[in-house]
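A short write-up of the structure that comes next.
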Amino acid sequence: MVATPVASGQSVADTPPARRRDLRGTLTRVVVAAAGGGAVFLSFPPRTMWWLAPVGFAVLGVLLHGRRARAGFGLGLVWGLGFMVPLLRWTGEFVGLVAWLPLALLCALLIAVGTAAMAVVSRLPGAPLWMALVWAADEALRAVVPFGGFPWGKIAFGQPEGWYLPLASVGGAPLVGFAVALTGLGAAHVLRQRGWSGRGIAVATAVLPLAAGVGASALVHTDPDQGTATVAAIQGNVPRAGLDFNAQRRAVLDNHVKRTLQLADDVRAGRADQPDLVIWPENSSDIDPFRNADAAARIQLATEAIRAPIAVGAVVIDPDDRLPRNTVVLYEPGRGATDTYTKRQLQPFGETMPYRSFFRIFSETVDRAGTFQPGTDPEGFTMGPAKVAIDTCYEVAFDGVVRDSVTAGANMIAIPTNNATFGYTEMTYQQLAMSRVRAVEYGKTVVVAATSGVSAIVQPDGSVTARTGLFTPDALVATVPLRGEATLATRLGAWPEWVMTALGLLAVAFSVTMKRRSRPTPEAGVGEEETDGGPAGAA
């Protein structure tokens with residue numbers, strides 16, 4: 001029996017009891033699905049409740065078991081909205097709902113595609129395993145589509161404090177997300193088992209990923225196999241938060257010069273260690289130093305004063321095509337600008353604007369989006385004793401981008417970022433969590449330098465040993481390990497994700513094939529699990 005809406009003019013009290021129960025069941029499932037997605041959101045920084053992520057997946061597992069793809073899509077859409085709407089609130093901080101809610105809905109729809117497939121495989125033997133593999137495939141999908149992908153909500157990025165984090169050194173962020181999902185889905189499976197044998201297997205499914213995470217901690221190393229370096233991260237601050245953070249000419253640059261000169265005074269007075277290298281944030285020079293001699297002179301003044309090379313984030317206009325590039329420029333004492341790195345993974349609707357004329361129908365704000373051109377070279381800079389991989393801001397979310405910069409020969413990672421356009425939202429904490437996952441994934445020190453915060457020094461085990469506040473000038477100085485040893489995740493590259501994705505898709509194909517070959521059965525009635533209907537596609 002399929003749920004039908006109450007007829008026009010008919011009160012709920014006049015609705016047959018069976019239909020009332022069906023409507024209540026649908027509403028209950030919708031509310032529970034939203035709560036499950038909300039639990040996953042609450043597992044993300046700045047909170048440290050990482051254990052809520054498996055709880056959210058346990059809710060999802062209970063809801064999806066035995067249901068059809070249509071119901072899986074509807075319930076997953078609600079679950080995804082409960083997760084993505086609060087997670088991505090920062091995207092609308094200064095541009096409003098037109099950016100925030102459509103993006104959250106799009107991400108939730110892509111999650112719903114995955115949960116529909118998870119429902120399809122939920123009747124297979126070993127269902128939690130296949131469902132978790134399908135989740136891994138869905139995260140891989142969201143990392144590439146649309147507009148180059150948006151992997152911001154990867155489950156691994158909510159786990160910098162969790163027991164699963166060491167698994168990043170084995171199979172990268174995708175393995176961490178798979179393990180979290182498997183624990184939650186396995187826990188849901190425990191609730192459905194009646195015999196001790198089946199329940200024992202289900203418990204093992206839930207517990208083994210956690211045990212694997214704890215065991216993998218032995219593979220996380222912090223020893224400086226290529227020596228050490230003293231690094232400084234400069235946070236100069238900005239005149240104002242928002243899209244006009246750089247509206248006052250040279251103000252951002254002068255702030256970073258001033259804070260670097262102050263650090264140089266501290267070094268000479270013995271209050272701070274002499275750095276071997278200095279990292280400035282993305283957009284720390286708010287005017288092109290190649291086109292503005294005053295900007296170049298100020299940067300070189302700071303470089304000579306601190307007596308160390310400085311990586312400076314700047315928007316540079318290419319002299320050939322006259323188009324802007326988000327660039328990090330290496331300045332060295334006595335030499336000036338000697339090398340550049342251009343951001344390869346550009347942010348759509350910010351640095352670029354896909355389908356600009358179409359989206360202008362909804363908001364003229366789209367014309368504030370840039371026409372930046374991407375770089376192609378993943379190699380970073382040699383700065384003193386360090387070979388530094390540069391991954392600018394948004395790039396830290398993309399597995400392949402970070403991997404390419406590390407495998408170019410780096411023994412340290414720098415994340416120059418500008419978070420001033422997102423104010424006091426949770427965005428900067430979410431991004432710092434990504435940096436912590438990357439530190440473990442590649443076994444490297446990660447230095448985060450932000451214009452307005454949060455800047456941080458992250459050790460190769462993901463721990464944060466120094467950090468700044470928001471919207472305050474500051475400088476972090478630390479002696480950190482330089483590590484050339486490649487983790488297993490570095491050596492395996494994208495293979496773990498490819499294998500998990502392939503297995504998940506094969507499970508879906510097998511389940512669909514078996515269902516088509518099976519003899520048709522009567523449609524499930526009210527109260528049975530394989531049902532459809534209701535506004536969220538749930539019985």
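Computed from heavy atoms alone, side chains included, the values below leave out hydrogens, waters and symmetry copies. We're numbering straight along the sequence, starting at 1.
Put simply, CE on Met118 and CG on Leu75 are 11.5 Å apart, with the number rounded to the nearest 0.5 Å. To the nearest 0.5 Å, atoms OG (Ser43) and CZ (Phe157) are separated by 13.0 Å.
Ring-centre distance between Phe398 and Trp152: not below the 6.0 Å cut-off. For an aromatic pair to be called close, the ring centres must be under 6.0 Å apart, and Trp50 with Trp163 satisfies this.
At a threshold of 4.5 Å between non-hydrogen side-chain atoms, the residues Ile390 and Pro416 count as touching. With a 4.5 Å cut-off on side-chain heavy atoms, Trp90 and Tyr424 do not count as touching. Pro378 has its side chain within reach of Arg344: a pair of non-hydrogen atoms, C-beta onward, lies under 4.5 Å apart. Residues Asn326 and Tyr394 have side chains not in contact (no heavy-atom distance under 4.5 Å, counting atoms from C-beta outward). With a 4.5 Å cut-off on side-chain heavy atoms, Arg403 and Val406 do not count as touching. Looking at heavy atoms from C-beta onward, Pro160 lies in side-chain contact with Pro45 at the 4.5 angstrom threshold. Between Glu139 and Pro151, every side-chain heavy-atom pair lies at or beyond the 4.5 Å cut-off. Looking at Tyr429 and Phe44, their side chains never come closer than 4.5 Å, going by heavy atoms from C-beta outward.
Side-chain contact annotation: Tyr442 with Ser169, donor-acceptor N/O pair under 3.5 Å absent. Between the side chains of Thr487 and Glu441, not a single donor N or O lies within less than 3.5 Å of an accepting N or O.
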Show your reasoning for whether side-chain contact (heavy atoms from CB on, under 4.5 Å) applies to Thr501 and Leu505. CA-CA 6 Å; Thr501 297; Leu505 295 178; 4.0 Å; yes
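Between Arg436 and Glu161 there is a salt bridge, with a side-chain nitrogen of the basic residue lying less than 4.0 Å from a carboxylate oxygen of the acidic one. Between Asp391 and Lys343, none of the side-chain N atoms (NZ, or NE/NH1/NH2) sits under 4.0 Å from a carboxylate O, so this pair counts as no salt bridge.
Arg142 forms a cation-pi arrangement with Trp135, by the criterion of a distance under 6.0 Å to the ring centre and an angle within 45° of the ring axis. For the pair Arg47 and Phe41, the cation sits on the ring face: its NZ or CZ lies under 6.0 Å from the ring centre, inside 45° of the axis.
Aromatic ring pairs are classed by plane angle as parallel below 30°, tilted from 30° to 60° and perpendicular above 60°; the pair Trp498 and Trp495 is perpendicular.
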